[in-house]
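Reading through the structure tokens given below for one structure.
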Amino acid sequence: MSSTAIPTMSSHRVMLLVLAACIVLVVVLNMSYLPKIVTTSIDYSTGNLFLDFSEQSKKSVSIKKVKEWSEKRKEAKVKAQSENNKLDDKQNSKQQRPSSTKTTTTASASNSGAQSNSGSSKIAGLNCDKYGGPSEDVAAEMVYWRDIPTDAKYHSPHYDSQTPKYLTFEPDEGGWNNIRMSMETAVALAHAMGRILVLPPEQKMYLLDKDKAEKNRFTFRKFFPFDDLAEEHQAVDVISMDEFLKREVLTESFKDTKGKVVFPPGNQTIFEGHVRDGQHFWSWWRKVTDPPIWDFSRCVVGIAKDPGPEGTARLKQYLETLDLDKTPRTVEQYIDNPTPVDAPPSDRLREMLAHRREICIYDDNLQSRKVMHFMGDNDSGARLLVHFYAYLFFEDWKQDLWTKRYVRDHLRYIDEIQCAAATIVRAVREKARANGDPAGQFDSMHIRRGDFQYKETRIEAAEILENIQDIMPANATLFIATDERNFAFFKPLMNRYNVYFLKDFQHLVPNLNKNYYGMLDQLIASRGRTFAGAYYSTFTGYIARMRGYHTQKDKTKGWKEGIMNSYYYVLKEHKSELVHYFPLKGPLWGREFPVAWRDIDHDVHPSQIIV
């Protein structure tokens, strides 16, 4: 009798097979909770990790390790959902707030035509008690901003409180005032598009490494009152990149342009360091967000007064009716001849275009994106090295003026820097009185010497003196903001003027972060009777803009035309441009233009302003 033999397995082999099957099952069941980046291969276009069990990797994954990964992913999702709920609560709280958080005295408004400040407003005035002074009367000199409660009610036509959308941006790759300029533009874009502004991670910034007692890493909240901005405006929200990644990315709700769920490199939400060290993160973020290539030298960004194809069509029509080929726009036709701020859209567009011939329209397709991202380097072809008012064209002139006030009234240096400046301005005026001017008037300059790439601006002090002696009288008190450390360089100026520098007053603000000294110089120089700066310098430019804001508040000579007592000591051919109305012209970042401040409160009645 024959029989077929049935092979048998040893008990230990059976156990090994069962164990292997269990491992595979656990891996499959937990794959959705595996960290997207551990130690194996990474697809940086999506942020995804691929666990490689091939011969190439020779990696073994224990059940214990898989469980650890699973728990970490679960914890991350729970934490992210918690952050999401907190942000939702914050948004709901803003929507339930009264339309204005400020207290006003209506009797005063009816008697004087203006509202009085009861002390509850964070915008009106400048209180320096927290910083040891000076008094509010002294500090008031620095205040160019206005407190307009009705502005806090304004919503962009693209704003949708039920469907949050975001704007992210990279800090500019240049120096501080280039970084500030691009930040202002990003802030203006975010509101125009009805988006939540996501601030970049904390990082080192070019040339801001002066205070060895500080860690020398900054967020924009270190310089500007972003928390107050979000609190004061119902339609404005500002969050950190960390908050955004927890809310939208770690919860697996964010998808790239191909519709795939993505995760940040390393499943991290905190990316800190120097702007160049952060390029790893920004490179990944660019790939998953597909930023628009809106070259400011080629086009203006068109914002229709209402969303939809009709608005897009109107913006295109405005450009077509200009017929720039037959009737090109020239600088000369607008010198001392500004377009009224409430002019029809086509008239305002013609002046604003400068040398450009296109409109990059923010349309419904772009509005549907969860995230709009803007880049910060020249190689991208879309660097935001442009003034917000030279980039954004609003069909609605009221939205245009509102945006300009939004930047003026909120994107100002924090009170700590303003108060330090008020302290030193008072001291400079005391010097001026001692030097024979009973009114305490002083003149001011910004003399750029350091790393400026425009060599034609690096002229000797004797030539500087020659260029300014007709606009600044002999023996005047002169405050000079400068990056020149060899003060003997200024001897020709010292022979004619009573010259002072920030170093002469630093003892008055001993606790101020040294990285704030550049901003401090700007604020002090902005209060000079006559000012002279360097063409092409964005440092000079911001001083000029703040002086422009002051002219509108103080109604100084020429305020209706947007002109002021300011000059360029170099380049000489541009010397007197600021005492005339000049339209936008290239390079757009090379100076500030009166369109930023001229008639900025055109549609605001004095009774709407808290004083």
Side-chain angles (χ1 to χ4, degrees), residues 125-129 131-145 417-447 461 464-482 487 490-509 512 520-533 540 543-561 563-569 575-576 578-579 597 611:
L126 177 62
N127 188 304
C128 298
D129 292 347
Y131 309 103
S135 67
E136 285 196 54
D137 288 344
V138 172
E141 173 170 4
M142 307 309 302
V143 179
Y144 56 74
W145 53 90
I417 306 174
Q418 300 280 355
C419 291
T423 295
I424 294 179
V425 168
R426 175 178 60 182
V428 176
R429 293 200 183 283
E430 290 172 353
K431 294 288 187 183
R433 293 186 184 94
N435 293 330
D437 188 321
Q441 295 184 103
F442 68 95
D443 298 318
S444 58
M445 294 188 71
H446 167 232
I447 297 180
I464 295 175
L465 175 60
E466 181 182 345
N467 291 347
I468 67 164
Q469 58 187 355
D470 63 323
I471 60 174
M472 296 180 183
N475 300 316
T477 297
L478 176 61
F479 178 85
I480 299 178
T482 185
F487 294 99
F490 299 100
K491 187 175 180 181
L493 293 165
M494 293 176 177
N495 290 337
R496 181 177 173 86
Y497 303 109
N498 298 293
V499 177
Y500 298 91
F501 306 94
L502 181 59
K503 69 180 181 66
D504 299 315
F505 305 98
Q506 288 175 6
H507 64 282
L508 299 176
V509 289
L512 190 71
L520 191 57
D521 255 343
Q522 287 178 307
L523 289 168
I524 300 166
S526 75
R527 301 309 297 135
R529 171 183 55 190
T530 299
F531 169 73
T540 282
I543 295 172
R545 172 140 52 100
M546 288 189 287
R547 288 173 64 81
Y549 289 150
H550 278 290
T551 67
Q552 301 301 295
K553 183 177 182 181
D554 301 334
K555 304 293 190 290
T556 56
K557 182 180 179 180
W559 72 274
K560 289 184 178 181
E561 293 76 33
I563 63 179
M564 55 190 169
N565 196 25
S566 299
Y567 300 84
Y568 297 108
Y569 74 87
K575 178 177 178 178
S576 299
L578 288 170
V579 295
W597 58 82
V611 296

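None of the values given here were measured: they were computed from a predicted structure. Note: hydrogens, waters and symmetry copies are ignored here, and every other heavy atom, side chains too, is used.
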How long is the gap from [atom1] on [X] to [atom2] on [Y], to the nearest 0.5 Å?
{"X": "I424", "Y": "L520", "atom1": "CD1", "atom2": "CG", "value": "4.5 Å"}
{"X": "I471", "Y": "Y569", "atom1": "CD1", "atom2": "OH", "value": "12.0 Å"}
{"X": "F531", "Y": "S444", "atom1": "CZ", "atom2": "OG", "value": "5.5 Å"}
{"X": "R433", "Y": "Q441", "atom1": "CZ", "atom2": "CD", "value": "10.0 Å"}
{"X": "D129", "Y": "C419", "atom1": "CG", "atom2": "SG", "value": "8.5 Å"}
{"X": "T540", "Y": "L578", "atom1": "OG1", "atom2": "CG", "value": "9.5 Å"}

Just distance, no hydrogens or angles: give the donor-acceptor pairs under 3.5 Å from side chains in residues 498-509, sequence neighbours left out.
from	atom 1	to	atom 2	distance (Å)
N498	ND2	N475	O	2.9
Y500	OH	N435	ND2	3.3
D504	OD2	F501	N	2.8

For [X] and [Y], indicate whether the former's side chain and the latter's backbone hold a donor-acceptor pair under 3.5 Å.
{"X": "Q552", "Y": "W559", "result": "yes"}
{"X": "R529", "Y": "D443", "result": "no"}
{"X": "R547", "Y": "N565", "result": "yes"}

Check the pair M445 / L478 against side chain to side chain contact (heavy atoms under 4.5 Å, CB included), numbers first and verdict last. CA-CA 8 Å; M445 294 188 71; L478 176 61; 3.8 Å; yes
Where is the tightest heavy-atom contact between [X] and [Y], given as atom of each residue plus distance?
{"X": "A461", "Y": "F490", "value": "CB-CA, 4.5 Å"}
{"X": "G440", "Y": "R429", "value": "O-NH1, 3.0 Å"}
{"X": "P492", "Y": "L465", "value": "O-CD2, 3.6 Å"}
{"X": "S566", "Y": "V579", "value": "O-CG1, 3.6 Å"}
{"X": "A525", "Y": "I543", "value": "CB-CD1, 3.9 Å"}
{"X": "A422", "Y": "M142", "value": "CB-CG, 3.7 Å"}

Side chain to side chain, [X] and [Y], heavy atoms closer than 4.5 Å:
{"X": "L493", "Y": "I447", "answer": "yes"}
{"X": "D470", "Y": "K575", "answer": "yes"}
{"X": "M546", "Y": "L523", "answer": "yes"}

Start with the C-alpha distance between W145 and L126, add both sets of side-chain angles, then the distance that settles side chain to side chain contact (heavy atoms under 4.5 Å, CB included), and finish with yes or no. CA-CA 10 Å; W145 53 90; L126 177 62; 4.3 Å; yes
Greater than 12 external heavy atoms within 6.0 Å of K431's NZ: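 Check fails, neighbour count at 12 or below.
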Check the pair Y568 / N467 against side chain to side chain contact (heavy atoms under 4.5 Å, CB included), numbers first and verdict last. CA-CA 9 Å; Y568 297 108; N467 291 347; over 6 Å; no
Run the numbers on R527 and F442 for side chain to side chain contact (heavy atoms under 4.5 Å, CB included), then give the verdict. CA-CA 8 Å; R527 301 309 297 135; F442 68 95; 4.1 Å; yes
